[in-house]
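Keep in mind that this is a model prediction, so the values were computed, not measured.
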Amino acid sequence: MLSKRVKYAIKTLLFLNRKDNSSLFSAKKISENERIPLKFLEQILRELKQNKILKSERGAEGGYTFMKDPADIKVLDVIRIVDGPVAMLPCASLNFYEKCADCTDEATCSIRKLLINVRDSMLPLLDTSIADMTRLETTPI
């Protein structure tokens with residue numbers, strides 16, 4: 001399940017992508033438009049800025065905009081920035097692998113094998129960019 005932090009981060013990036021990329025938007029404006037609690041949003045914006053997804057300018061006319069092209073920002077990257085590993089168990093993670101303390105034989109562990117299959121099925125879908133997601137908004141399900 002996506003955490004609220006990831007959901008809000010993606011909503012923020014989609015909001016900014018729908019707008020003029022040369023414009024700056026304050027945290028307050030994003031918060032009001034996307035119905036994200038301001039204090040929560042400020043933490044997320046800080047993380048996205050630290051990871052060079054967004055940039056900000058101070059002042060009355062300041063705000064946030066993209067540092068990176070939205071076509072180059074993958075949902076997978078946002079999840080990893082905000083929440084860390086995508087895998088459901090550390091032993092099934094590509095980037096954050098850890099051996100399970102209670103596992104006697106990883107090679108035959110059916111739970112690990114299943115979750116590696118889940119991970120491998122999810123990763124290509126999560127490799128969708130923010131720009132692609134914005135285009136999906138106009139496509140009916």
Side-chain angles (χ1 to χ4, degrees), residues 1-103 105-141:
M1 192 181 311
L2 281 182
S3 71
K4 277 191 177 183
R5 290 172 52 78
V6 169
K7 182 179 176 185
Y8 290 161
I10 293 169
K11 284 179 68 168
T12 297
L13 296 172
L14 290 171
F15 169 81
L16 291 172
N17 194 48
R18 278 186 236 112
K19 305 299 180 188
D20 175 15
N21 283 346
S22 63
S23 297
L24 296 169
F25 293 91
S26 69
K28 184 176 182 195
K29 175 90 170 161
I30 298 167
S31 169
E32 289 169 355
N33 277 288
E34 295 303 312
R35 298 166 63 184
I36 302 170
L38 183 59
K39 290 292 181 191
F40 204 29
L41 177 62
E42 288 171 341
Q43 294 170 2
I44 294 165
L45 290 168
R46 192 171 18 262
E47 277 184 292
L48 294 172
K49 185 178 168 192
Q50 287 170 346
N51 285 277
K52 299 184 180 356
I53 302 290
L54 298 179
K55 61 183 176 180
S56 67
E57 290 184 25
R58 294 179 183 255
E61 300 298 316
Y64 293 85
T65 192
F66 287 103
M67 176 178 268
K68 225 175 162 179
D69 184 334
D72 296 331
I73 302 168
K74 306 298 183 178
V75 172
L76 184 58
D77 298 330
V78 176
I79 293 170
R80 286 180 173 146
I81 287 167
V82 175
D83 272 358
V86 175
M88 298 171 94
L89 282 178
C91 67
S93 178
L94 281 174
N95 297 331
F96 300 93
Y97 169 85
E98 285 182 32
K99 184 173 176 25
C100 292
D102 60 339
C103 188
D105 183 14
E106 269 189 358
T108 61
C109 178
S110 58
I111 296 170
R112 180 173 188 262
K113 287 179 181 182
L114 172 68
L115 295 180
I116 286 173
N117 286 335
V118 169
R119 178 204 70 203
D120 291 347
S121 297
M122 274 187 350
L123 290 182
L125 297 170
L126 295 174
D127 204 39
T128 302
S129 74
I130 294 300
D132 289 337
M133 281 191 72
T134 303
R135 285 190 284 279
L136 287 175
E137 291 176 339
T138 60
T139 307
I141 296 176

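Taking the side chain as every heavy atom from C-beta outward, L89 and R112 never approach each other to under 4.5 Å. Using a 4.5 Å cut-off on side-chain heavy atoms (C-beta onward), R135 and D132 make contact. Contact check for N17 versus F66: side-chain heavy atoms found under the 4.5 Å cut-off. Within the 4.5 Å cutoff, the side chain of I130 has heavy atoms near those of the L14 side chain.
A 6.0 Å sphere centred on CD of Q50 holds more than 12 heavy atoms belonging to other residues, nucleotides or ligands. Around the NZ atom of K52, the shell of radius 6.0 Å holds no more than 12 heavy atoms that belong to other residues, nucleotides or ligands. For I111, the CD1 atom sits in a loose shell: 12 or fewer heavy atoms of surrounding residues, nucleotides or ligands are nearer than 6.0 Å. Taking a 6.0 Å sphere around CE of M122, one finds it holds more than 12 heavy atoms contributed by other residues, nucleotides or ligands.
In terms of modelled atom types and a separation under 3.5 Å, the side chain of N51 and the main chain of I53 share no donor-acceptor contact. In this structure a side-chain-to-backbone donor-acceptor pair under 3.5 Å is present from S31 to I36.
Across every non-hydrogen atom of I73 and V78, the tightest pair is CG2-CG2, 3.8 Å.
A salt bridge does not link E34 to K19: none of the charged nitrogens lies less than 4.0 Å from a carboxylate oxygen.
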